[in-house]
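Just so we're on the same page: letters track the sequence lines, and every chain starts at 1. Because the structure is a prediction, the values reported are computed rather than measured.
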Amino acid sequence: MEYAPRDIEPKWRSWWKAQRTYEVSNDTRKPKFYILNMFPYPSGAGLHVGHPLGYIASDIVARYKRLNGFNVLNPMGYDSFGLPAEQYAIQTGIHPAVSTDQNIKRYREQLDNIGFSFDWSREVRTSDPAYYKWTQWIFMQLYNHYFDQEAGKALPVSGLVERFGQHGNAGLRAACDDDTPSFSAADWNAMSDNEQQLLLLKYRLTFPEESYVNWCPALGTVLSNDEVKDGVSERGGYPVERKLMKQWSMRITAYADRLLAGLDEIDWSESIKEQQRYWIGRSQGASVRFAVDGHDGASIEVFTTRVDTIYGATFMVLAPEHELVARLTTAAQRSEIDSYIKWTASRSDIERMAEAKKVTGAFTGAFAVNPFNGAKIPIYIADYVLAGYGTGAVMAVPSGDQRDWNFAKHFQLPIVPILDAQQNLDEAADPTKEGRYINSGLINGMDYEQAVATLTQWLEQQGLGKGKVQYKLRNAVFSRQRYWGEPVPAYWKDGVPHLIEEQDLPLVLPAVDKYLPTETGEPPLARADGWRYSPEGSDAIGYEYELSTMPGWAGSSWYFYRYMDPHNTEEFCSASAAAYWNSVDWYIGGSEHAVGHLLYSRFWNHFLYDTGRVPEREFAKKLTNQGMIQGRSSFAFRAKERFFEEYLWIKVLQPFFAELGPLAIPSSNLEESYTYDFAFETNDLVIEVTSWKQTDKIEAIRQAAEADGKRLLVLYNEELIENINQHEITAAKVRHALNSRERFFMSKETPAAEQLFVSLDLTSKYSTDCFSKLHVDISMVNDDVLDMDKAVYWPLFEKAGFKLNAEGRFTCSSEVEKMSKSKYNVVNPDDMVEQYGADCFRMYEMFLGPVEMSKPWDTKGITGVYGFLRKFWGMFVGEAGQWIVSDDAPTPDELRVLHTCIKKVTDDIERFSMNTCVSHFMILTNDLRTQKSSKRAILEPALVMLAPFAPHLAEELWHRMGHETTVCDASWPAFNAEYLKSDSIAYPVQINGKHRGNVEVASTASNADIEALVMAQEFVQRNLNGQPVKKFIVVPGRIVNIVA
RNA sequence: GCCCGGGUGGUGGAAUGGUAGACACGCAGGACUUAAAAUCCUGUGACCGUAGAGGUCGUACGGGUUCGAGUCCCGUCCCGGGCACCA
């Protein structure tokens, strides 16, 4: 009986469901293993073949670990808040919860089809109030904590209040806003309750603050930096402006040091760690205050990583947006500064990038005073200094910094060497730290270490600066002006935020009439009736809730804990569940989340760890990035107006021109230069090519022709289309008009075709602006040839004509790009599963190549995997459907084949090399079939090994073998090296590193035996050709190399 | 410009410093068939060669280390991804 996945797969899927095969208990003595996939956003497009790649690989690991005696947590859920559902709601009025629910159903069906071992009883959805109750709860914990630098961790704000009442904030080392004032206990106690609350916000780990955001008026929302591309929104391409808004913010900067240090503890890919390090951007240096000459009280603070170069600072540069610029600019320089500021404001990011090498700037007319030597140095502004980074000011040291050097050269500012080891300062800056300082007052003669210590100490004594560590990392904006997200559990009273009571959680999203911002620009939640909170003791009207919602990363920052204890109504996760599952052992997902999700999650996890709620500082021990599956897109070329002119010129009119002489030929500026498209020297006919819909144009040309005394032939594009594959017909029309005496020729019939597509291989004859390149659904294209029968039903090809190639076929071009519905290159797993079965689909996805690498999807090779599964099945079940597995004792050869496979597959799963596992199974099957072997002692272990890859087939054959419980609970076969031993070893023999032949040697042979045997070989002597042997190398079990 | 990947047959890819190209696709030839499909068998890096003898070249390019390099080191080029005047 043939292998029939269509019969066996649904059967076992429902059996697993009935048996609850994949439900996992928290209560077991078994060692645990927690494997996790990044959960998907359930988009309306459904699952495509790229999604399951990581899921299949992790499912194999999950099943493998289970076979090895682990209690495996392999959960799945949905990151179900998100913008697409909201956009859809705006367009259709359908509540995002409804469309999200539908999308999830579809995802679930597709996922179920592939036979994953997910424990669906633990599914989570971030948009479920029972889930986001705890997202809100964690938000409240963050609000109620501050980061104490002394303790190196988060502590309750209640402790802070107590401390303020007794000591003020003197001596407190805590993460806080830069503008936090110093105050005494008396100051504190004299404050009103509101004033105290506002001050506490400067310490809380989440807090509202005015911050610049990327505001997109068209979308009515705030976008993150990575949602903005080239100054417009990535989605929709709407303009984005910088706007100051009150936003909730997360004080992630408090954890910068720990987030950086934690990277050393975890087995994540180096590229992700590097990206996070860069994002955190720690730099150690000093802040120095420069007085401004003639402006008492004004000072400019700079941060420098090279305080040792301060004597070489010959000018200062401020960002154009720096707050002091207006004040410092002298009357004489004002117009220059104003025009520079105006110019920089007009420059797009792209321009700034493109001209990165160009030096621009303007002098303010003011001078700063170097605190060390009192030197007055000019203050410039330039847009290479960023307002948002550091203090927005740099002390420029042209001898040590190339950018400063360029600037100094351009504005003819002095370049002062400060180290005796600096070289060639005429040509470039030299950033060395070697040598001894010169021209450097206090530190002359010192080396780098001494200089930094001396200068920093001096600055601190003088109160002019201090050693400082600075991070690029900014606090994370946490508000979104959107509807479809978690409501923030806070309300506003007299301009001060307050949390709602814990017992009132979850704060459920209210109904709104529309999902758009209000007319006054408030977020959609402002539309909700009665969106107010009435705490105990307040009047019935209550206070307005926060109107913004949480960002997408809120719910995904802790979901890995919810899977451990998904139905807990008392806690986000019980201590016992967290203690058992501990943290994620292996996390798998795309690298695009490197600094979004993966950094914010680590931040929340550090916080939860500080408050004693989770057992580990880092939530995932190991992380692997799966590569992207790219799609192969197909494109058809649609003719533009210009094509028809070129077509007439090339295919139809050439002979006529040869005869009658061309007067006008098409060119790109044809319409302006010539009245008609074509005219002849010796015939009074003129030709116009245009669409039949252009009646006004045709009439105008007709009048012009009459006035000129020309006879006019109008050829419709549409009539050319109808005869596009037989240009003789058009030629005949031209011939007829040329020879006629009539004045005006125009087709009377209304053409049926409206657009023309041109086969790829014909397009090269025409100029490139003759065509638009349009995506064609890949289901209609086979080997770049368009299936015309299918194409006619496709909306793109409505009323279309096709110019076919010489073989009468229509070809398309193709490109590899990201798989996406809008590119019509999506391959849906359902079709593959339908045709070949889930097991085959799973194995083929693995067989494509290493999981971590991106690769284009190509279905061609799937028949190879299908053939393998049929052969494997065929070792158990005969052609007539009879069971052909015997209980005979296996031969040493069969055992050797089996154990080779056990070893390789075991090793390769551990190192996530699934493609080679599939190869090993193929080799095993090919070997056993050659030996006509069907013995239970061999096939049963092989079947268990195959089970993680092809679970349905394995379950079927496992039961046919007489087992009643699931193959998932079998035991992974143990490798026995004994079976691999053989009596002889075939040594490859190299002479001077070149392979010359093989020699079969007894495995017991000594090196001397081997040498004697090898030297006796005819091919060895022949290749040595009489040369003396200098060295004879035997690598035991591997190779022999003779050096001559 | 900086950081991280990667570059191996017609294609996807394999190879703890030890016979480069496993496994699969595709292609070619053959078997079965009236024929086709399916299936099975054989061959398949390039080149030279009278062969299934034998040989030369070959893992982006140029050097190096080594008995031996796709793999390690130095330099160059190209492709992909990320960041971008970060003081």
Sugar-phosphate only, base, or nothing, as touched by A/Tyr278 at under 4.0 Å among non-hydrogen atoms: sugar-phosphate
Integer angstrom distance from the C1' of B/A14 to that of B/A31: 31 Å
Selected nucleotide, minimal atom distance to A/Asn915 side chain, candidates B/C4, B/A14, B/C67: B/A14
Nearest-angstrom distance, P atom, B/G58 to B/G63: 11 Å
Touch class at under 4.0 angstrom, heavy-atom based, for A/Arg911 against every strand present: sugar-phosphate
Donor + acceptor pair across side chains of A/Glu1000, A/Ser984 (<3.5 Å): yes
Euclidean distance for P, B/A28 against B/U66 (whole angstrom): 49 Å
Distance, rounded to the nearest Å, where A/Asp908 contributes CG and B/U16 contributes P: 9 Å
Sugar-phosphate only, base, or nothing, as touched by A/Leu848 at under 4.0 Å among non-hydrogen atoms: sugar-phosphate
A/Tyr384 versus A/Asp404, side-chain donor and acceptor atoms under 3.5 Å: yes
NZ (A/Lys273) with more than 12 external heavy atoms under 6.0 Å: yes
A/Thr253-A/Tyr471 side chain donor-acceptor pair, cut-off 3.5 Å: no
A/Ile280 CD1 - B/C86 P separation (whole Å): 19 Å
Distance below 4.0 Å between A/Asn1041 side-chain N/O and B/U66 OP1 or OP2: no
Closest to the A/Ser919 side chain, choosing from B/A22, B/G13, B/A24: B/A22
Separation of B/A15 P from A/Lys903 NZ (nearest whole Å): 14 Å
Sugar-phosphate only, base, or nothing, as touched by A/Lys1030 at under 4.0 Å among non-hydrogen atoms: nothing
B/A53 versus B/A46 - spacing of their P atoms, nearest Å: 16 Å
For B/U44, the Watson-Crick or wobble counterpart (both distances under 3.5 Å): B/G26
d(CG, A/Asn926; P, B/C40) in whole Å: 10 Å
Atom pair distance, as rounded to whole Å: CD1 in A/Ile310 and C1' in B/A87: 13 Å
Closest-nucleotide 5' rank along RNA chain B - winner of A/Arg1022 and A/Val918: A/Val918
Opposite nucleotide pairing with B/G17, Watson-Crick or G-U, both atom distances under 3.5 Å: none
Complementary nucleotide of B/C77, counting Watson-Crick and G-U pairs under 3.5 Å: B/G7
A/Phe921 ring center within less than 6.0 Å of A/Phe872 ring center: no
Sugar-phosphate only, base, or nothing, as touched by A/Val1035 at under 4.0 Å among non-hydrogen atoms: base
Opposite nucleotide pairing with B/G70, Watson-Crick or G-U, both atom distances under 3.5 Å: none
P atoms of B/G6 and B/C72, separation to the nearest Å: 10 Å
Sugar-phosphate only, base, or nothing, as touched by A/Gln275 at under 4.0 Å among non-hydrogen atoms: sugar-phosphate
Parallel, tilted or perpendicular: rings of A/Phe975 and A/His899 (30°, 60°): tilted
Selected nucleotide, minimal atom distance to A/Pro850 side chain, candidates B/A24, B/G13, B/C67: B/G13
Within 6.0 angstrom of A/Lys622 NZ, more than 12 heavy atoms from elsewhere: yes
d(OH, A/Tyr987; C1', B/G68) in whole Å: 16 Å
N/O (side chain, A/Arg996) to phosphate O (OP1/OP2, B/G55) under 4.0 Å: yes
Nearest-nucleotide pick for A/Thr305, side chain only, options being B/U19, B/C85, B/A87: B/A87
For B/U59, the Watson-Crick or wobble counterpart (both distances under 3.5 Å): none
Polar pair under 3.5 Å, donor/acceptor by atom type, side chain A/Asn992, base B/C67: no
Anti versus syn assignment for B/G9, with syn defined as within 90° of 0: syn
Along RNA chain B (nearest heavy atom to each residue), the more 5'-positioned of A/Asn1023 and A/Gly864: A/Gly864
Centroid-centroid distance, A/Phe372 to A/Tyr311, less than 6.0 Å: yes
Selection from B/C25, B/C67, B/A14 that lies nearest to any side-chain heavy atom of A/Val1043: B/C67
G-U wobble or Watson-Crick pairing nucleotide for B/G49 (cut-off 3.5 Å, both distances): none
Base partner of B/C83, which must satisfy Watson-Crick or wobble distances under 3.5 Å: B/G1
Nearest-neighbour nucleotide for the A/Glu274 side chain, B/A87, B/C25, B/C3 considered: B/C3
Given B/A22, B/G18, B/C85, the nucleotide with the shortest approach to the side chain of A/Arg403: B/C85
Short side-chain N/O contact to B/G5 OP1/OP2 from A/Asn625, under 4.0 Å: no
Nucleotide B/A87, atom P - distance to CZ of A/Arg282 in whole Å: 13 Å
Nearest-nucleotide pick for A/Ser283, side chain only, options being B/A87, B/G18, B/G26: B/A87
Close aromatic pair by centroid cut-off 6.0 Å: A/Tyr844 and A/Trp857: yes
A/Val394 side-chain proximity, nearest of B/C67, B/U19, B/A87: B/A87
Euclidean distance for C1', B/C3 against B/G55 (whole angstrom): 47 Å
A/Arg1038 side chain, from C-beta outward: closest of B/U19, B/G18, B/A15: B/G18
Watson-Crick or G-U counterpart of B/U34, or none if no pair lies under 3.5 Å: none
